[in-house]
Amino acid sequence: MSAFTIASTVNEAVALMADGARVLAGGTDLVVGHRQGKAPLPDRLVAIDRISDLAGFEIDDGTGELRIGALVTHAELMTESAIVDSYTALADGAALVGSPATRHAGTIGGNIMNGSPAMDTGAPLVVLGARFELVSGRGTRVVEPGELWTGPGSTSAAADELLTACLLPSRASSSGSAYVRLEYRRAMEIAVVGAAASVELHDGGTLSSIRVALTAVAPTILEVTGLDGLTGRAVDDDLLTAVVDAARAQATPISDLRASDAYRRHTVGVMAQRAVAAATARARGEHLAVPVNRSIGVGRKGIQ
Ligand SMILES: Cc1cc2nc3c(=O)[nH]c(=O)nc-3n(C[C@H](O)[C@H](O)[C@H](O)COP(=O)(O)OP(=O)(O)OC[C@H]3O[C@@H](n4cnc5c(N)ncnc54)[C@H](O)[C@@H]3O)c2cc1C
């Protein structure tokens, strides 16, 4: 028998999930996918969009950690000053999602729990050091992205675990971040490839830390490893070339209708380089408007 319930508390939602109901947040994947014939709607649904505890942003007074409620939409992410000022890569990613209608209905929680390697918030969340809070009748656990995402469209969350929030550590004022996505056209496109970068600079302008993560070139969002050796160096052409080489070497893309594996491997290096350059410019205090794709001209004729 099919059933649709609107939950008003986390406990209520979790109890219904333990009883077999599937969560519905903004519905831009679940309902749109059903309408497009990709997957039937589950028999039992629990709508969580009225649970006020899952909405909004909160900064911890002690640690400075930012808590983003699972129901925060892409439209909120791209305009909230805390995100635009300090977690800019996440604002860049949210601003590229679908159309204005998709961004107003689609939530960060739905994007994370879809587990798509092409999700636009994924690489930004990885480089910004995000952790995810999952709640079930057994209690609360907090997991790293690498623990949650297990393959294309799959997560390690149990069927009765509700994602309640995404937690981001505080950011130093000398840090910057950016997310750049290859675009064939300017709207309604799932990423062909993308890259996010987060950097922190020493007073003299050399790197004190760097993280880079890649979109749509592996079964899950892929963090580039082995970049620690770049710290202490200036962000110059040589360093950017090292980032390109590492990204291309670690990517394991597939070929599909939209791009060959070779093209994805090539362009993800370019996106990684641009993301590091843009993140560094932001760390230096330069203003590159959100989404950075527009500021640096990705997708403009002749600059692809
Ligand atoms: C036209 C169109 C364009 C799009 N373009 C992009 C794009 O450019 N980039 C991109 O990344 N995505 C894109 N998407 C995908 C989609 O919009 C996003 O993934 C969105 O963030 C999903 O959020 P939602 O709230 O709508 O999820 P829903 O459809 O409500 O749910 C998605 C999945 O997550 C589960 N879920 C949702 N919330 C929770 C929770 N709190 N805890 C546990 N499980 C949960 C649901 O059960 C379901 O399995 C597009 C979709 C459409 C229709």
Side-chain angles (χ1 to χ4, degrees), residues 26 28 57 68 72-108 111 116-128 168 171 175-199 210-217 221 235 237 240 243-244 247 258-259 263-264 266-304:
T28 62
F57 303 87
I68 306 175
V72 165
T73 63
H74 299 292
E76 290 174 299
L77 286 173
M78 63 184 272
T79 51
E80 165 66 35
S81 59
I83 304 292
V84 173
D85 295 345
S86 303
Y87 304 92
T88 325
L90 185 55
D92 287 330
L96 294 176
V97 170
S99 64
T102 326
R103 293 192 288 274
H104 277 88
T107 64
I108 188 169
N111 206 226
S116 164
M119 70 175 96
D120 282 306
T121 64
L125 288 170
V126 167
V127 299
L128 293 168
L168 293 174
R171 302 275 292 162
S175 64
S177 65
Y179 175 67
V180 184
R181 185 177 90 177
L182 176 68
E183 292 190 307
Y184 293 158
R185 54 181 190 159
R186 285 221 153 158
M188 307 293 280
E189 180 164 71
I190 302 296
V192 178
V193 297
S198 169
V199 303
I210 176 167
R211 291 183 79 169
V212 174
L214 310 177
T215 309
V217 290
I221 297 291
V235 182
D237 287 349
L240 293 176
V243 169
V244 173
R258 290 180 303 151
Y263 183 70
R264 281 199 164 95
H266 176 79
T267 49
V268 83
V270 179
M271 296 304 123
Q273 176 185 34
R274 290 180 181 189
V276 172
T280 306
R282 283 174 169 161
R284 288 181 183 138
E286 285 176 43
H287 178 70
L288 294 177
V290 168
V292 76
N293 264 43
R294 308 289 175 266
S295 314
I296 63 174
V298 175
R300 196 192 301 151
K301 202 165 179 267
I303 302 189
Q304 188 96 285

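When a residue number appears, it is its place in the shown sequence, counting from 1. Just so it is clear, the structure is predicted and the values come from calculations on it, not from any experiment.
Residues Met78 and Ile83 fail the side-chain proximity criterion, which asks for heavy atoms closer than 4.5 Å. Taking 4.5 Å as the limit, some side-chain heavy atom of Met119 sits within range of a side-chain heavy atom of Ile221. With a 4.5 Å cut-off on side-chain heavy atoms, Leu77 and Phe57 count as touching. In this structure, Val84 and Thr79 have side chains that are not in contact, with every pair of non-hydrogen atoms separated by 4.5 Å or more. With a 4.5 Å cut-off on side-chain heavy atoms, Val244 and Val270 do not count as touching. The closest side-chain heavy-atom distance from Arg294 to Leu96 is below 4.5 Å. Between Ile296 and Val180, some side-chain heavy-atom pair lies under the 4.5 Å cut-off. Side chains of Val199 and Val235 form no contact here, defined as non-hydrogen atoms less than 4.5 Å apart.
Shortest non-hydrogen contact noted between Tyr87 and Ser177 is C-OG, 3.9 Å. Among all heavy-atom pairs drawn from Gly269 and Ala247, the shortest one is CA-CB, 4.2 Å. Closest of all the heavy-atom pairs between Leu240 and Ala277 is CD2-N, 4.2 Å. Across every non-hydrogen atom of Pro291 and Ala95, the tightest pair is CB-CB, 3.9 Å. Shortest non-hydrogen contact noted between Ser295 and Ala289 is OG-O, 2.6 Å. Heavy atoms only, all atoms of each residue included: Gly26 and Thr107 are closest at N-CG2, 4.1 Å.
Judged by distance alone, the side chain of Asp92 and the main-chain N or O of Val292 form a donor-acceptor pair under 3.5 Å. For Asp120 (side chain) and Ala191 (main-chain N/O), no donor-acceptor pair under 3.5 Å exists by modelled atom type. Checking side-chain atoms of Thr73 against main-chain N and O of Ala105 turns up no donor-acceptor pair under 3.5 Å. In terms of modelled atom types and a separation under 3.5 Å, the side chain of Arg264 and the main chain of Ala259 share a donor-acceptor contact. Put simply, the side chain of Arg211 never gets that close to the backbone of Ser198: no donor and acceptor are under 3.5 Å apart. Although no hydrogens or angles enter the test, the distance criterion places no donor-acceptor pair under 3.5 Å between the side chain of Arg282 and the main chain of Ser175.
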Passes side-chain contact (heavy atoms from CB on, under 4.5 Å), Val97 versus Thr28? Steps please. CA-CA 11 Å; Val97 170; Thr28 62; over 6 Å; no
So Glu76 and Ile68, side-chain contact (heavy atoms from CB on, under 4.5 Å) or not? Walk me through it. CA-CA 10 Å; Glu76 290 174 299; Ile68 306 175; over 6 Å; no
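Annotation: the span from Thr267 atom OG1 to Arg181 atom CZ amounts to 13.0 Å, rounded to 0.5 Å. Glu183 CD to Asn293 CG: the interatomic distance, rounded to the nearest 0.5 Å, is 4.5 Å.
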